[in-house]
Chemist: 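Sharing a structure, written as structure tokens. Questions coming.
Labels below follow one simple rule: chain letters A, B, ... track the order of the sequence lines, proteins then strands, and each chain is numbered from 1.
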2 protein chains.
Amino acid sequence: MGKQMTEMLKGTLEGIVLAILSMRPAYGYEITAWLREQGFSDIAEGTIYALLVRVEQKRLVDVRKVPSEKGPPRKVYSLNKQGQEYLEEFWRTWSFLTERLEQLHEGGK
Amino acid sequence: MGKQMTEMLKGTLEGIVLAILSMRPAYGYEITAWLREQGFSDIAEGTIYALLVRVEQKRLVDVRKVPSEKGPPRKVYSLNKQGQEYLEEFWRTWSFLTERLEQLHEGGK
DNA sequence: CTCAGGTATTCGGTGTTGCTAGGTACCAGT
DNA sequence: ACTGGTACCTAGCAACACCGAATACCTGAG
């Protein structure tokens with residue numbers, strides 16, 4: 001999708017994944033597939049797994065192993081209390097950014 | 001403002017600066033000051049200068065030295081044709097992201 | 001039975017980016 | 001002479017997304 005997207009995803013991808021997990025528990029492969037459907041066509045598989053490891057280490061999610069019928073066991077992640085707070089903080093930061101950018105976008109016409 | 005902002009600025013800060021330059025030519029010190037006024041309280045000075053060097057090397061801006069009454073000469077940057085196209089591409093990428101995130105934000109309530 | 005192919009996770013190395021923490025230089029007022 | 005505001009630059013660091021490859025499990029085609 002272009003280099004701009006790659007850089008823009010830094011910081012927001014984490015929020016996106018946490019937002020997904022806030023709706024329902026999910027595992028890496030599933031999240032990757034969903035993101036691709038949503039148009040994030042070039043999100044690398046490895047990226048999501050690495051991100052999930054990070055949020056786990058930050059204690060923002062709980063994990064449980066669930067056997068799969070079609071492959072190795074899934075690692076199903078769910079957002080915990082701390083993760084919810086972190087996600088709310090993410091939305092605040094995001095809102096701040098969008099407000100400034102919207103102003104700039106309007107002003108630039 | 002927090003670590004989330006730092007990561008989120010990666011990729012967007014460049015667009016922000018280019019958007020500013022699309023309205024009027026400006027120099028580094030001025031841009032830094034303006035950003036701080038807008039609430040980007042902890043944007044480091046060095047960050048902006050490094051960013052300006054990068055966009056100059058990418059040929060997105062034109063530069064001219066202008067003597068200052070109060071210090072060393074200013075390097076005034078202005079967006080050129082290529083920079084405008086790049087900025088439009090930035091807005092397209094940004095719009096894509098905001099749409100997805102807005103959906104997620106709504107869905108998460 | 002073997003082998004391709006979908007499912008599912010992991011890992012090492014790379015490039016880009018913003019931050020830290022300085023430094024240089026010019027000038028005005030005390 | 002010295003402080004402080006203006007204005008720019010740099011080297012080293014940490015975080016993050018990407019790339020490419022490897023591993024592991026299972027099913028169905030040949």
Chemist: Are there any protein N/O atoms within less than 3.5 Å of an N/O atom in nucleotides 26-30 of chain C, and if so, which ones and at what distance?
Modeler:
none

Chemist: What string of B, S and - do you get for nucleotides 12-24 of chain C, 5' to 3', if B is base contact, S is sugar-phosphate-only contact and - is no contact with any protein heavy atom under 4.0 Å?
Modeler: ---BBBSBB----

Chemist: Let's see if you get this right: which residues in residues 18-31 of chain B place a heavy atom under 4.0 Å from DNA chain D?
Modeler: B:Tyr27, B:Gly28, B:Tyr29

Chemist: Give me the one residue out of B:Arg100, B:Arg92, B:Glu99 that meets side-chain contact (heavy atoms from CB on, under 4.5 Å) with B:Phe96.
Modeler: B:Arg100

Chemist: Roughly what angle, to 10°, lies between the helix axis at the start of the helix from C:dC1-D:dG30 to C:dT30-D:dA1 and the one at its end, five pairs per end?
Modeler: 20°

Chemist: For a quick test of reading the model, state the closest non-hydrogen atom pair linking A:Ile31 to A:Ala26 and the distance between them.
Modeler: CG1-CB, 3.9 Å

Chemist: Without decimals, in angstroms, what is the distance between A:Arg74 CZ and C:dT10 C1'?
Modeler: 18 Å

Chemist: Less than 4.0 angstrom between a side-chain N/O of A:Lys65 and OP1 or OP2 of C:dA8, yes or no?
Modeler: no

Chemist: Suppose we screen for side chain to side chain donor-acceptor pair (under 3.5 Å). Which residues come up paired with A:Lys10, at least two apart in sequence or across chains?
Modeler: A:Glu7

Chemist: Residues two or more places apart in sequence or in another chain: which of them pass side chain to side chain donor-acceptor pair (under 3.5 Å) with A:Lys58?
Modeler: A:Glu14, A:Tyr86

Chemist: With the side chain counted from C-beta on, respond yes when B:Thr93 and B:Glu89 share a heavy-atom pair under 4.5 Å apart, and no when they do not.
Modeler: yes

Chemist: Who else is in the cluster with B:Val53 when I, L, V, M, F, W and Y are joined by side-chain contacts under 4.5 Å?
Modeler: none

Chemist: Let me know which of A:Val17, A:Ile16, A:Leu18 forms a side-chain contact (heavy atoms from CB on, under 4.5 Å) with B:Leu104.
Modeler: A:Ile16

Chemist: Please assess A:Leu60 against A:Leu21 for the test side-chain contact (heavy atoms from CB on, under 4.5 Å), listing each intermediate value before the final yes or no.
Modeler: CA-CA 10 Å; A:Leu60 305 178; A:Leu21 294 181; over 6 Å; no

Chemist: Who passes side chain to side chain donor-acceptor pair (under 3.5 Å) against B:Arg54, sequence neighbours left out?
Modeler: none

Chemist: Applying salt bridge (charged side-chain N to carboxylate O under 4.0 Å, His left out), can you list everything that pairs with A:Arg64, at least two apart in sequence or on another chain?
Modeler: none

Chemist: Could you note down all residue pairs passing side-chain hydrogen bond (donor to acceptor under 3.5 Å, both in side chains) where residues 25-39 of chain B supplies at least one of them, sequence neighbours left out?
Modeler: B:Tyr27-B:Arg74

Chemist: So B:Leu9 and B:Thr47, do their side chains get closer than 4.5 Å, heavy atoms only?
Modeler: no

Chemist: State, with a plain yes or no, whether a side-chain heavy atom of B:Leu97 is found less than 4.5 Å away from one of A:Met8.
Modeler: yes

Chemist: Who are the salt bridge (charged side-chain N to carboxylate O under 4.0 Å, His left out) partners of A:Glu45, not counting sequence neighbours?
Modeler: none

Chemist: Output the rounded distance in Å from CD1 (A:Ile48) to C1' (C:dT10).
Modeler: 14 Å

Chemist: Identify which one of A:Trp91, A:Trp94, A:Phe90 satisfies the ring-ring contact (aromatic ring centres under 6.0 Å, His included) criterion when paired with B:His105.
Modeler: A:Trp91

Chemist: Mind checking which nucleotides bracket the chain A contacts on DNA chain D, 5' to 3', with an atom under 4.0 Å from a heavy atom?
Modeler: D:dC16 to D:dC26

